[in-house]
Colleague: 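Next up is a structure, given as structure tokens.
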Amino acid sequence: MTSPFTVAELEAQLLGLGVRSGGILLVHTSFRKVRPVAKGPLGLIRALERALGPEGTLVMPTMTDGESVFDPASTPTQDMGITAESFWRQPGVQRSTHPGGSFAAAGPLAEHICAPQPLAPPHGVNSPPGRVHELGGQVLLLGVSHSECTMLHVAEDIAKVPYSIEHPCVVEVNGVAEQLMIPETDHCCRGFRRVDAWLDALGLIRKGKVGNADATLADARDIVAVAVEHLAEDPLIFLCAPSEGCDECDDARRSAASPRREALGDAASGRR
């Protein structure tokens, strides 16, 4: 049986990959791909924190199902993985207040990154990943692909893509729980995987191993700039072709042909 990776070994791998000490790091991870790790997910979190150092800020998605009133201190994540679920529960970690699209952060810039955000779009320029982009942070994918990269939704917001899908989310308004339809640039996200080749062709991505996981690292601004450039050429480039029979992308394509896109900037923008 393979011996667990120690915190020190993971830290060395992260620094060797190019994680910047003192920087901002948005992490999407599948712990199953990284393991075995001494101390489990908390060991991986410790390695990330050590690689960043005391001046660095660690960020992870902590999105929820939106089926009940969101409490950043108690509502569990939905499909974010054990590392993110463990991270937001640690002392001193801050969590944003979006009822469906929250993020957690720890470090000197955590408060700024987790500052209040509009309901729509959940992951646009004025959101935690948007602030990671603004501040020149990095994006680390551990055992997952760019289809899990929320930074690409920031690119979609900047590019003003024509598609928008509404999803129900329970929100507390004046002390009363209400179900609102929140529009977002949603689709199956498999098309986001194209970004890997685009970045690689420009020498803007670092690849290696962290634990047993394939890891990719890139600057948030590079990810967004490359994606926006391609979206300018084809605003639907991230959607599956109609011939592929992808219901989510077909819905997004239909929405692009309707006048609903304006709703993305208006719906629920002032209601939290």
Side-chain angles (χ1 to χ4, degrees), residues 18 24-28 59 61 63 101 103 117-118 120-141 144-167 182-207 214-267 269:
I24 303 164
L25 187 66
L26 171 57
V27 180
H28 295 270
V59 187
M63 296 170 227
F103 281 71
Q117 67 197 86
H123 306 131
V125 294
N126 192 26
S127 71
R131 293 172 189 134
V132 171
H133 169 257
E134 166 206 348
L135 295 166
Q138 295 175 298
V139 177
L140 175 65
L141 305 176
V144 298
S145 71
H146 275 94
S147 61
E148 282 73 45
C149 182
T150 49
M151 192 57 62
L152 289 165
H153 290 304
V154 178
E156 290 177 315
D157 186 33
I158 292 172
K160 300 188 184 303
V161 294
Y163 43 88
S164 171
I165 300 296
E166 293 183 337
H167 294 287
I182 297 180
E184 57 182 295
T185 54
D186 194 27
H187 43 92
C188 81
C189 295
R190 290 196 299 269
F192 281 169
R193 297 174 188 172
R194 298 181 179 209
V195 174
D196 189 272
W198 300 342
L199 292 169
D200 196 38
L202 296 169
L204 298 176
I205 194 168
R206 301 280 298 271
K207 297 184 178 184
D214 292 327
T216 62
L217 179 74
D219 285 358
R221 290 176 180 171
D222 288 338
I223 294 171
V224 169
V226 167
V228 167
E229 180 180 352
H230 283 267
L231 286 166
E233 297 173 359
D234 179 1
L236 305 183
I237 196 166
F238 289 137
L239 304 186
C240 294
S243 60
E244 295 184 46
C246 175
D247 291 341
E248 293 172 272
C249 288
D250 288 347
D251 286 345
R253 194 177 300 275
R254 281 190 289 269
S255 78
S258 77
R260 294 169 55 201
R261 178 62 181 88
E262 293 181 2
L264 189 58
D266 299 331
S269 61

Colleague: Do the side chains of P118 and N126 get nearer than 4.5 Å, heavy atoms only?
Modeller: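 The answer is yes, as the side chains (C-beta and beyond) meet within the 4.5 Å cut-off.
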Colleague: Where the side chain of R206 meets the backbone of A215, is there a donor-acceptor pair that is under 3.5 Å apart?
Modeller: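 Such a contact is absent between R206 side chain and A215 backbone.
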Colleague: Enter the distance from H133:NE2 to I158:CD1 here, rounded to the nearest 0.5 Å.
Modeller: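 H133 NE2 to I158 CD1: 4.5 Å, rounded to 0.5 Å.
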Colleague: Rounded to the nearest 0.5 Å, what separates atom CD in E156 from atom OG in S164?
Modeller: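 The CD atom of E156 sits 10.5 Å away from the OG atom of S164.
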Colleague: For the NE2 atom of H28 and the SG atom of C149, what is their distance to the nearest 0.5 Å?
Modeller: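 Taking NE2 in H28 and SG in C149, the distance rounds to 5.5 Å.
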Colleague: Ignoring hydrogens and angles, tell me if any N or O in the side chain of Q117 forms a donor-acceptor pair with the backbone of P122 under 3.5 Å.
Modeller: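 Looks like yes, one N/O pair under 3.5 Å.
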Colleague: Go through the steps to decide whether M151 and V154 satisfy the test side-chain contact (heavy atoms from CB on, under 4.5 Å), and finish with yes or no.
Modeller: CA-CA 5 Å; M151 192 57 62; V154 178; 4.0 Å; yes
Colleague: Do the side chains of T185 and D157 get nearer than 4.5 Å, heavy atoms only?
Modeller: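 No, too far: nothing below the 4.5 Å cut-off.
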Colleague: To the nearest 0.5 Å, what is the distance between CD on E184 and OG on S127?
Modeller: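 Going from the CD atom of E184 to the OG atom of S127 covers 11.5 Å.
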Colleague: Does some side-chain heavy atom of L26 sit less than 4.5 Å from a side-chain heavy atom of P129?
Modeller: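 Sidechains of L26 and P129: in contact.
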Colleague: Over 60° means perpendicular and under 30° means parallel, so tell me whether H230 and W198 are parallel, tilted or perpendicular.
Modeller: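 H230 and W198: parallel rings.
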Colleague: So does I165 get a backbone contact from the side chain of D186, meaning a donor-acceptor N/O pair under 3.5 Å?
Modeller: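 Pair absent, no side-chain N/O of D186 close to backbone of I165.
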Colleague: Identify the two heavy atoms, one from L239 and one from C249, that lie closest to each other, and give their separation to 0.1 Å.
Modeller: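 Shortest heavy-atom separation between L239 and C249 comes out as CA-SG, 3.9 Å.
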Colleague: May I ask you to decide if Y163's main-chain N or O and S255's side chain share a donor-acceptor pair within less than 3.5 Å?
Modeller: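 No; zero donor-acceptor contacts below 3.5 Å.
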Colleague: Rounded to the nearest 0.5 Å, what's the gap from CG on D250 to CZ on R253? Could you check?
Modeller: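 Taking CG in D250 and CZ in R253, the distance rounds to 7.0 Å.
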Colleague: Among L140, V59, V132, find the residue that satisfies the side-chain contact (heavy atoms from CB on, under 4.5 Å) test when tested with L25.
Modeller: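 Testing each of L140, V59, V132 against L25, the sole residue satisfying side-chain contact (heavy atoms from CB on, under 4.5 Å) is L140.
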Colleague: Does the side chain of H146 come within less than 4.5 Å of L141's, by heavy atoms?
Modeller: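 A side-chain contact under 4.5 Å exists here.
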Colleague: Could you tell me the separation between the OG1 atom of T216 and the CD1 atom of I205, rounded to the nearest 0.5 Å?
Modeller: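 Interatomic distance, T216 OG1 to I205 CD1, rounded to 0.5 Å: 4.5 Å.
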Colleague: Is the backbone N or O of G18 less than 3.5 Å from a side-chain atom of Q138, with the two atoms forming a donor-acceptor pair by type?
Modeller: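 Answer holds: yes.
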Colleague: Are the side chains of D219 and L204 in touch, meaning some heavy atoms are under 4.5 Å apart?
Modeller: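 SC-SC contact between D219 and L204 ruled out.
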Colleague: Are side-chain heavy atoms of K207 and D196 found at a separation under 4.5 Å?
Modeller: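 When only atoms from C-beta onward are counted, D196 and K207 do touch, with a gap below 4.5 Å.
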Colleague: Does the ring center of H153 lie less than 6.0 Å from the ring center of F238?
Modeller: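 No, they do not, as the ring centres are separated by 6.0 Å or more.
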